[in-house]
Amino acid sequence: MPTVGVGRDRLFAALRQFYEDKDFEDLCFRFGIELDDITTEKAIIRKEKHIVDEGPTEDEEIIYKIDVPANRYDLLCLEGLAQALMVFEEREEIPRYTLADVTRESMLKMHVKSSFPKKDVPTEPKLSIRPFVVCAVLRGITFDEARYNSFIDLQDRLHQNICRRRTLVAIGTHDLDTIQGPFSYEAALPSDINFVPLKQVNEFRADELMEFYKSDLKLKKYLHIIENSPVFPVIYDHDRTVLSLPPIINGAHSAITLKTKNVFIECTATDLTKAKIVLNTMVTMFSGYCENKFEVEPVEVIYSDGESYVCPDLSCYDMEVSLSYINDAIGVSLEADQVTQLLRKMQLHAKKSDNQCNICVSVPPTRSDVLHPCDVMEDVAIAFGYNEIPKRRPASIKPLALNELSDMIRSEIAMNGFTEVLTWILCSYKENFAMLNRKDDRSTAVIIANPRSSDFEVVRSSLMAGILKTVGHNKDHRKPIKIFEVGDIAILDDSKDVGSRNSRQLAALYCGNSSGFEIIHSLVDRVMEIVGTPFVAEGDKSGYYIKRADNPEFLPGRQANIMYKGKHLGSFGIVHPEVLSNFDISDPCSYVELNIECFL
């Protein structure tokens, strides 16, 4: 959850009410956010420098650190937070955002040059760089120092959140009175882009700027987004003045100040949907400071093929939610009028449908998090109060059949002297294949696209690596070691909508002075006995039998496949010495793994 720091006194001024810390914490809890900490700017600095904090002095501003949901972008600034709480407390109406009444001909224009790929239009791969742009204008805005800082802070928080550190969306804000439309969004060679960047006095070429900012602690982390591209995105005004080099830096010529009255906002992106959300958040949060409150001037974006769209889109979108669904999911019995009132507290316009059985909800542009009826239901629950929801016994507390079977098998194996372990469901690619003497056939394992660590590259396709790692880390434990695990693995499956499926597996291992093959074999027989499956002759599909196997993780001639009703259920055998060596295990081991879902 993002943590937003806001000045207490300024927040209370916006709320037009003073709260004791405990009362404000209670308000936050009722609204579904959390007052995480009460501190000061100087206390934060002292903490970073490891200086003993002696408490705030009278001249220090109190800062509230508030945790907000990650998808509530409207709560990332004081303006949105205060507005949401005022509506929640029913001391203010839900704002209605409008577009300024300007004709299409008189709108400011943003021309996207043909060198940029547009959606569904094939282009050369080398030019596929930040293809989308959306824009808007806030006219007659009034800044003071606090509002200006909040405006800049919101951009930074959006960049770190939905913009994914500017990789998906980058925001540029400009003093409209210093530039001249129409504007153009182009891809140009770095050597052809020359301008004075923000907070600098000298002119730089774009490729020189990349080198210059490699020593900048803040901006160097964004250089990788475009520095290896043959062309850079750039925005020009009518006089070919550079407004910005997204997603790196804006030009100094159009920098906003406390005296700025008209703000031009542009968002360049690789994801058009997120760009629209970011633009809507920026303009709705600060249009309250405009001369015409909550009014935003639109901009027309025109592609080289003639297609265009007007942004921002501040229209509400409608959905119908079943009243019975809301009541059943929460566990209450609310009338339609009560539900509509609760939704208005959460900034959602709502009314009863004609048949009285549904709620018609109109979602404003500030609530991009509302995508499904379950989001509406959640808002009703928050406004009603989680502490007010009556406790009830679930209609059914019977566990799933698979979980019942898993628990029964766990109990039986534990009574046979084995200790249960729980291992990671993610493992390294090497552990899942090479260390088990297995080869990746590219049709089994689910590979993680961007792993945070080399230890978590693959969703395990077997429980074996985790079991062997456990023994390897406990090899000094008194022998014999008898452990087991009942857990899920993931297997690629094109028939599933997500491309893979889970499979519940049982694995058990014996490690001692001898291999214990007969102990593992007897465990297999015991499992089959408790699930009521008889041992049958090979080829008989009425029970189970074992047949010779040739799996690379086991010792040749000391392994077998378990066949259940004619299908392969699992394997057991003495673990191959090379595999044991890979996991730094010196004692012989026997291992079994089988699929228990087949018993259902």
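- Across all their heavy atoms, Asp74 and Met285 have their closest contact at O-SD, 3.4 Å.
- Using modelled atom types, one finds a donor on one side chain and an acceptor on the other under 3.5 Å when comparing Thr3 with Asp67.
- At a threshold of 4.0 Å, the pair Asp216-Lys218 does not count as salt-bridged, since none of the basic side-chain nitrogens sits closer than that to a carboxylate oxygen.
- In this structure, Asn161 and Arg157 have side chains that are not in contact, with every pair of non-hydrogen atoms separated by 4.5 Å or more.
- Ion pairing between a basic and an acidic side chain is recognised when a charged N comes within 4.0 Å of a carboxylate O; Glu485 and Arg460 show such pairing.
- Environment of OH in Tyr386: crowded, with over 12 heavy atoms of neighbouring residues, nucleotides or ligands closer than 6.0 Å.
- Looking at Glu227 and Ser229, their side chains never bring a donor and an acceptor atom within 3.5 Å of each other.
- Counting only residues at least two apart or on different chains, the salt bridge (charged side-chain N to carboxylate O under 4.0 Å, His left out) pairs with a member in residues 543-572 are Arg438-Glu553.
- The distance from atom CG of Leu78 to atom OH of Tyr64, rounded to the nearest 0.5 Å, is 12.5 Å.
- In summary, the side chains of Tyr545 and Asn561 do not present any donor paired with an acceptor at a separation below 3.5 Å, with no hydrogens or angles considered.
- For CG of Asp441, the number of neighbouring non-hydrogen atoms (other residues, nucleotides, ligands) closer than 6.0 Å is greater than 12.
- At a threshold of 4.0 Å, the pair Lys65-Asp37 does not count as salt-bridged, since none of the basic side-chain nitrogens sits closer than that to a carboxylate oxygen.
- Under the 6.0 Å distance and 45° angle rule, Lys220 does not count as a cation-pi partner of Tyr213.
- A salt bridge is absent between Asp375 and Arg367; no separation between the charged side-chain nitrogens and carboxylate oxygens falls under 4.0 Å.
- Residues in residues 444-453 take part in no salt bridge (charged side-chain N to carboxylate O under 4.0 Å, His left out) pair, two or more places apart or across chains.
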* After noting the C-alpha distance and the side-chain angles of Ser428 and Asp455, does the key distance pass the side-chain hydrogen bond (donor to acceptor under 3.5 Å, both in side chains) rule? -> CA-CA 5 Å; Ser428 72; Asp455 293 329; 5.7 Å; no
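- Salt-bridge check for Arg526 with Glu412: passed, with a basic side-chain N closer than 4.0 Å to an acidic carboxylate O.
- A donor-acceptor contact closer than 3.5 angstrom links the side chains of Asn432 and Ser461.
- Screening residues 579-600 for salt bridge (charged side-chain N to carboxylate O under 4.0 Å, His left out) gives Lys475-Asp584, Lys479-Asp587 as the qualifying pairs, with residues at least two apart or on separate chains.
- Ring geometry, Phe456 versus Trp424: the interplanar angle exceeds 60°, so the pair is classed perpendicular (tilted spans 30 to 60°).
- Within a 6.0 Å sphere centred on NZ of Lys482, other residues, nucleotides and ligands contribute more than 12 heavy atoms.
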